[in-house]
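Source: prediction; values computed, not measured. Below, all heavy atoms of this structure are taken into account, side chains as well, without hydrogens, waters or symmetry copies. Below, chains carry the letters A, B, ... as their sequence lines are ordered, and counting in each starts from 1.
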Protein chains: 2
Amino acid sequence: MELRQLRYFAGLAATLHFSRAAHQLHITQPALSQAIRQLESQMGARLLDRTTRQVSLTPAGLRLAHDAERILAAVAASETAVRAIAASCPAAGPATRPGPE
Amino acid sequence: MELRQLRYFAGLAATLHFSRAAHQLHITQPALSQAIRQLESQMGARLLDRTTRQVSLTPAGLRLAHDAERILAAVAASETAVRAIAASCPAAGPATRPGPE
DNA sequence: GCTGTTTACGACGACCGTAATCATT
DNA sequence: AATGATTACGGTCGTCGTAAACAGC
């Protein structure tokens, strides 16, 4: 499982629409479809009920959608915190060159 | 930021030793070094103090190490939960073929 | 017939492993 | 000199986009 998968699935779960979700995620519909299919395969569980025209979450999909948002929020929060710490600690900066001059 | 990065960083933070961490992660040292470097670049913050022979966490790295473990635990828990739900809901299985027969 | 998802296919890029280099003890 | 991390480089796999096929309203 990768964060990319969770981002895509969260976007799809929010809209329940492949086209719109793909557009919001800045990818094409086939790429999203493939990624979701791969996620389902890896999880060994069907996450969506696709009746070709109707997209709805299965119980497992609902759970994953909920968890995905929490996880993605935690990741974003951590990233913000780490950047803040680095910013307040010049010695921990990315390219803090004390330099001889 | 990807989970792969977090897994690698968590493993490295646990041992503070590239060779041992890489071995435990089933990759080579250069691959780990590259992944960590990439993570630092993307985060815009130095996560480790590498004095060539001595590896120690920066404040930002310490924070990320802590967050990474929490996030990875949440991911693992979610995966378990989703699989359990799918297992208890045959209709949500991966290849549950009701079949005409 | 049209909207919307899936499948097929080719190209680009990322990740990993091997080999060589450099630094520290 | 030996250990350990980095850099360079080539191969391979994954991911994405375009094009075509399929299904429901």
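- Under a 3.5 Å cut-off, the side chain of A:Glu40 and the backbone N or O of A:Leu47 do form a donor-acceptor pair.
- Rounded to an integer number of Å, the gap from A:Leu25 CG to D:dT15 P is 15 Å.
- A sub-4.0 Å separation between OP1 or OP2 of C:dT5 and a side-chain N or O of A:Ser19 is present.
- Remark: side-chain polar atoms of B:Ser88 are paired, donor with acceptor, to backbone N or O of B:Ala84 under 3.5 angstrom.
- A distance of 13.0 Å separates NE2 of B:His26 from CG of B:Leu32, quoted to the nearest 0.5 Å.
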After noting the C-alpha distance and the side-chain angles of B:Leu3 and B:Ile71, does the key distance pass the side-chain contact (heavy atoms from CB on, under 4.5 Å) rule? CA-CA 9 Å; B:Leu3 285 183; B:Ile71 291 166; 4.1 Å; yes
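- In this structure, the CD atom of B:Gln29 is 12 Å from the P atom of D:dT3, given to the nearest Å.
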Between the protein and nucleotides 14-16 of chain C, which nitrogen or oxygen pairs come in under 3.5 angstrom?
unit_1: C:dC15; atom_1: OP1; unit_2: B:Arg4; atom_2: NH2; d: 2.7
unit_1: C:dC15; atom_1: OP2; unit_2: B:Gln38; atom_2: OE1; d: 3.4
unit_1: C:dC15; atom_1: OP2; unit_2: B:Gln38; atom_2: NE2; d: 3.2
unit_1: C:dC16; atom_1: OP1; unit_2: B:Tyr8; atom_2: OH; d: 2.5
unit_1: C:dC16; atom_1: OP2; unit_2: B:Arg4; atom_2: NH1; d: 3.3

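- Contact annotation: B:Arg37 reaches the phosphate of D:dT7 (side-chain N/O to OP1 or OP2, under 4.0 Å).
- The CZ atom of B:Phe18 sits 17 Å away from the P atom of C:dA23 (whole-angstrom rounding).
- In this structure, B:Asp49 atom CG and C:dA23 atom P are separated by 19 Å, rounded to whole Å.
- For B:Gln34, the side chain to side chain contact (heavy atoms under 4.5 Å, CB included) criterion is met by no residue, not counting sequence neighbours.
- Distance CD (B:Gln54) to C1' (C:dT24): 11 Å, rounded to an integer number of Å.
- Residue A:His17 has its side chain nearest to C:dG4 when only C:dT6, D:dA8, C:dG4 are considered.
- Between A:Glu40 atom CD and C:dT7 atom C1' there is a gap of 16 Å when expressed in whole angstrom units.
- For the pair B:Ala35 and B:Arg4, the tightest heavy-atom approach, listed with the atom from each and the gap, is CB-NH1, 3.9 Å.
- Atom pair B:Leu12:CG and D:dG4:C1' shows a separation of 13 Å (rounding to whole Å applied).
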